[in-house]
Amino acid sequence: MNNKKFYCLDMFPYPSGSGLHVGHVEGYTASDIFSRYKRMKGFNVIHPMGWDSFGLPAENYAIKTGVHPSKTVDTAINNFTSQMKKLGLEYDWEREVKTSSSEYYRWTQWLFLLLYKNGLAYKKKAKVNWCEKCSTVLANEQAETGFCERCGDQVVQKDLEQWFFKISDFIEDQEFEGKKIKGLLSGLDDIDWPQTTKIAQKNWIGKSVGAEVIFAISDDKDNYNLNVFTTRPDTLYGCTYMAINPEHEIVEKFKNSIKNLSEVSKYIEESKKKTDMEKIIDAKDKTGVELEGISAINPLNNKRIKIFVADYVLSGYGSGAIMAVPAHDERDYAFAKKYNLEIIEVISGGDISKEAYTGDGTLINSEIVNGLSVEEAKKKIIKYLEDKKIGQASVNYRLRDWLISRQRYWGAPIPIIYCDKCGELPVPEKDLPVLLPEDVDFLPTGESPLKYSKSFHEVNCPLCGKKARRENDTMDTFVCSSWYYFRYLDPKNEQIFAEKDKISQFMPVDLYIGGADHSVMHLLYARFIAKVLQRYDYTDINEPFKKLRHQGMILAEDGSKMSKSKGSVVNPNDVVSEYGADALRLYEMFMGPLEEVKPWNTKNILGVKRFLEKTEILSEKVVEDDSKKDSQDVILEINKTIKKVGEDIEELKFNTAISQLMIMLNLLGKKEKISFNTWKKFLLVLAPFAPFTSENLWLKLNEKKSIFEVSWPEYDSSLLAEEKVSLAVQFNGKTRGLIDVEPNTEESVIISMLKDDEKFKKYLSGAYKKVIYVKNRIINFIV
RNA sequence: GCCGUGGUGGCGGAACUGGUAGACGCGCUGGACUUAAAAUCCAGUGAUAGCAAUAUCGUGGGAGUUCGAUUCUCCCCCGCGGCACCA
């Protein structure tokens, strides 16, 4: 029976105060049509909805107005729910989840502990945006300008202890207790996702293959080995200086030998003040300061090279230091030109007097690899480094571990306790959930409000029983949304986040619909968490979302983004009250392909509105007596419609499905009477799109069951196969007319038909060189 | 800059694995109904020429492959989205 299940999932919304917008409606209508259709096809469909209700907006609103986030969120949820019901969105409401409820976040905390106990959650210092005046951490978007959003003071980068999830452990495939677990990279091959989204994930992970090379750093007294990562070990002979990022430890290590320490320190101080934004702005102009008094040694030729501190070298990537090869790297080239450093060409093929050459070529000026290709040289140099123990093959990733700490109130508390005696301890599972206190002060004091809630903060140590304190950071809301699709399957369970049986009954998600804005973060984190749960045997699921589709953004009428300030936001409520829910559903589906970006056009709603009205009018023509047979064209068209609409739904091509429904209705409109039988079929295929209209008209037929309890109609494929085809008649590739023939007619038959045809006779009077005949499509005479 | 994605009538968009370009809808034009208007119904609607049959051109621009290209290949232009010094 398992093969008949269907898990249809929507990305659950953040319940914002402004209610559903037309973009939500688009995605949700699509999944609603799909799941209604699958149900009619006999699938055991699960189609849940819930609320991603933790997060900054509710907290900021609380700071502004004093209304508690749980109130704001509940009001919004009520509003969302009633809007969804009005739109005829049919959800399994008994499965509803809310991430900010303690029954839910209890398991978010449990998940944290699972990672913690297995060494996948850890604490380390990390840079945060810090405002000294407010003494608080700021989110990136609050620090975008480099100045604090609240007080206008300058934002600095500060190191704070932060919690991380070790997502890096799951990039590649792994074997764990005999179980093979596919990683975040190779797992992408197994899933039916938009290519763009897969590529976005791949790029985000950013795998680079290369080598680590050990450079000796020396001040003539001490030696220190420093690893650098490079993707171009083949260019090692062209390395003419080394650059380290401003936070690199060797500055501290060699501070007594650095002759220009004050100049260096000044540079480091200034670069610390820079926010990410400023660094991007400054990116074109590369700056740096030489560390006078120390140098590095190229391990291949023992050449001494200068060392620079330069903020174009990132601290978080590789070892925070690079071997610079100006001849073959654009950034190093710019830096070398600016500071007049040596540029040695080691790969021929470019013109290094003008620019860095990053292409392929033959190695020159490179002793042991001269004459080799780039590929060969890479291999040989790595081999050489490994033999001499001065380096090795190595892989680096752009993806860092996931920073999940938030110095915020409205999130799931991190279940950790600090005891002066026993140290850092996980909250015992039996003590979960760690409840978020209600009695907090929202006035902006600067730090996490939890810190000032005594009832929350003070706790007894689970080991020694003495007074201890709780962690007062909360978790990133992406943690909450990384596992909700499991909870839907067993939403009330108090023993476990979801029973394994129930998970295997419905997972993986068969169709996941949501915005492309989640292409990277949410989808990557959710895949990671699914793999963690697989590793520790809570599920057998490696990839949670088998098929993913995005709904494209809906733009304002003028083609720009809908914006509140421009007043161009369309409120679905207004559309529903003016045109009805079915019209809105149909219109949004008829606009164009689901995944495409498309402009809103209120006038166009009239088209689908007329279609619905016409449907109601035509219902008057229905005759119960089937002895009055439908004409052949109606029988053919209704069969075509059942086929086409079904196939189009499967491919999420709702726009063309609706167009076929319109063609069908237009044909019925031309007839005196419509048979009961045909009309029922028509209503059935219309039902997923326009549930209200079709159900009404269905019940008018004195049917006792709801239309949604009836099976999707069958079509007669033999009938469709017999339909005459219109063949295009071409001469030298130019279409001169059409001819109706039986399907699969022989070439010779067609030619003799054409010779008798008044219209085509004249073209065939002379000789022709060749005939190209494609059955049921074209016949082309080459003269 | 890199990666991705798209460019088809006045507009939203259709077109199966290369085979009738413009389905369906909006809008527009003419007609019917009406004292009139709205609504509704009927007819027409890519451009140019023609009374018409029909002909020529036409899917961002340019080349190519093919009997045949919106579809495949190469080059270029423009829009949109993501990433942004990742060594």
Side-chain angles (χ1 to χ4, degrees), chain A residues 194-200 202-204 206-208 210 228-232 235 239 243 245 276 279-280 282-286 310-314 316-325 328-332 334-335 396-400 516-517 519-520 552-553 555 557 559 561 586-587 590-593 595-611 613-614 617 647 653 655-663 665-666 669 725-739 759 768-783:
Chain A
Q195 195 55 26
T196 52
T197 303
K198 287 194 190 182
I199 287 169
K202 229 175 223 167
N203 292 344
W204 190 263
K207 181 176 181 172
S208 301
V228 300
F229 175 74
T230 177
T231 53
R232 297 295 302 274
T235 62
C239 169
N245 80 76
D276 291 348
K279 280 183 192 157
I280 290 163
D282 292 349
K284 278 176 218 138
D285 185 34
K286 298 201 169 24
D311 66 4
Y312 82 90
V313 180
L314 304 175
Y317 189 79
S319 64
I322 59 154
M323 51 168 256
V325 185
H328 305 289
D329 182 283
E330 280 159 25
R331 297 152 297 182
D332 299 345
F335 192 85
N396 247 286
Y397 301 93
R398 199 191 83 106
L399 180 70
R400 329 275 173 83
D517 43 330
S519 288
V520 176
M553 208 197 320
L555 305 173
E557 302 224 7
K561 275 189 188 162
L586 275 174
Y587 169 61
F590 190 55
M591 287 175 91
E595 65 283 1
E596 222 91 313
V597 177
K598 34 202 182 281
W600 181 269
N601 185 338
T602 300
K603 256 191 179 161
N604 283 357
I605 304 174
L606 283 177
V608 293
K609 181 68 184 157
R610 283 174 193 152
F611 167 76
E613 282 166 355
K614 201 167 162 188
I617 291 165
E647 286 172 355
K653 286 159 71 175
N655 53 334
T656 50
I658 293 168
S659 141
Q660 181 61 39
L661 290 167
M662 286 170 167
I663 291 169
L665 191 78
N666 289 345
V725 293
S726 260
L727 199 71
V729 183
Q730 302 185 335
F731 295 91
N732 289 332
K734 283 200 158 114
T735 304
R736 296 299 178 188
L738 301 173
I739 183 169
K759 193 169 159 189
Y768 46 88
K769 284 184 212 146
K770 199 169 138 191
V771 181
I772 291 152
Y773 176 51
V774 183
K775 259 189 195 167
N776 308 329
R777 299 236 186 267
I778 56 126
I779 184 159
N780 188 6
F781 295 89
I782 313 302
V783 187

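Just so you know, these numbers come straight off a predicted model, no measurement behind them. Reminder, nothing fancy here: chain letters follow the sequence lines and each chain counts from 1.
- Checked against side chain to side chain donor-acceptor pair (under 3.5 Å), S519(A) has no partners two or more places apart in sequence or in another chain.
- Distance noted for atom C1' between A49(B) and G62(B): 28 Å (whole Å).
- Listed by chain and number, the residues in a side-chain contact (heavy atoms from CB on, under 4.5 Å) with V725(A) are V741(A), N776(A) (sequence neighbours excluded).
- No donor-acceptor contact under 3.5 angstrom links the side chains of Y768(A) and N780(A), judged on distance only.
- At a threshold of 4.0 angstrom between heavy atoms, the contacts of R736(A) are confined to the sugar-phosphate backbone, with no base atom among them.
- Among residues two or more places apart in sequence or in another chain, the ring pair (Phe, Tyr, Trp, His ring centres under 6.0 Å) test is passed with F229(A) by none.
- As judged by a 4.0 angstrom heavy-atom cut-off over every strand, K561(A) is placed among residues touching the sugar-phosphate backbone only.
- In this view, Y397(A) satisfies the ring pair (Phe, Tyr, Trp, His ring centres under 6.0 Å) rule with no residue, not counting sequence neighbours.
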Sugar-phosphate means primed atoms, P, OP1 and OP2; the rest is base. With that split, encode nucleotides 16-24 of chain B 5' to 3' as B, S or - using protein heavy atoms under 4.0 Å. B--BBS-BB
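- Taking the side-chain contact (heavy atoms from CB on, under 4.5 Å) definition, one finds that K653(A) meets it with D648(A), E651(A), N655(A), T656(A), sequence neighbours left out.
- Comparing the same atom, C1', in A15(B) and in G9(B) gives a spacing of 15 Å after rounding to whole Å.
- Every residue two or more places apart in sequence or in another chain that forms a side-chain contact (heavy atoms from CB on, under 4.5 Å) with V313(A) is listed here: A243(A), N245(A), I322(A).
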Any protein N or O atoms within reach of nucleotides 27-30 of chain B? Criterion: under 3.5 Å, listing atom names and distances.
residue	atom	partner	partner atom	Å
G27(B)	OP2	R610(A)	NH1	3.4

For a quick check, with a 4.0 angstrom heavy-atom cut-off, what is the B/S/- contact string for nucleotides 3-10 of chain B, read 5' to 3'? SSS-----
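- Residues M323(A) and T230(A) share a closest heavy-atom pair of SD-CG2, 3.8 Å.
- Remark: Y317(A) is in phosphate contact with A87(B), judged by side-chain N or O atoms under 4.0 Å from OP1 or OP2.
- Listed by chain and residue number, W600(A) satisfy the ring pair (Phe, Tyr, Trp, His ring centres under 6.0 Å) test with Y587(A) (two or more places apart in sequence, or in another chain).
- A search for side-chain contact (heavy atoms from CB on, under 4.5 Å) contacts involving K770(A) returns I772(A), I782(A), not counting sequence neighbours.
- Consecutive Watson-Crick or G-U pairs involving RNA chain B, each under 3.5 Å on both distances, make up stems of three or more pairs at B:1-7 with B:77-83, B:10-12 with B:24-26, B:27-32 with B:40-45, B:46-49 with B:54-57, B:60-64 with B:72-76.
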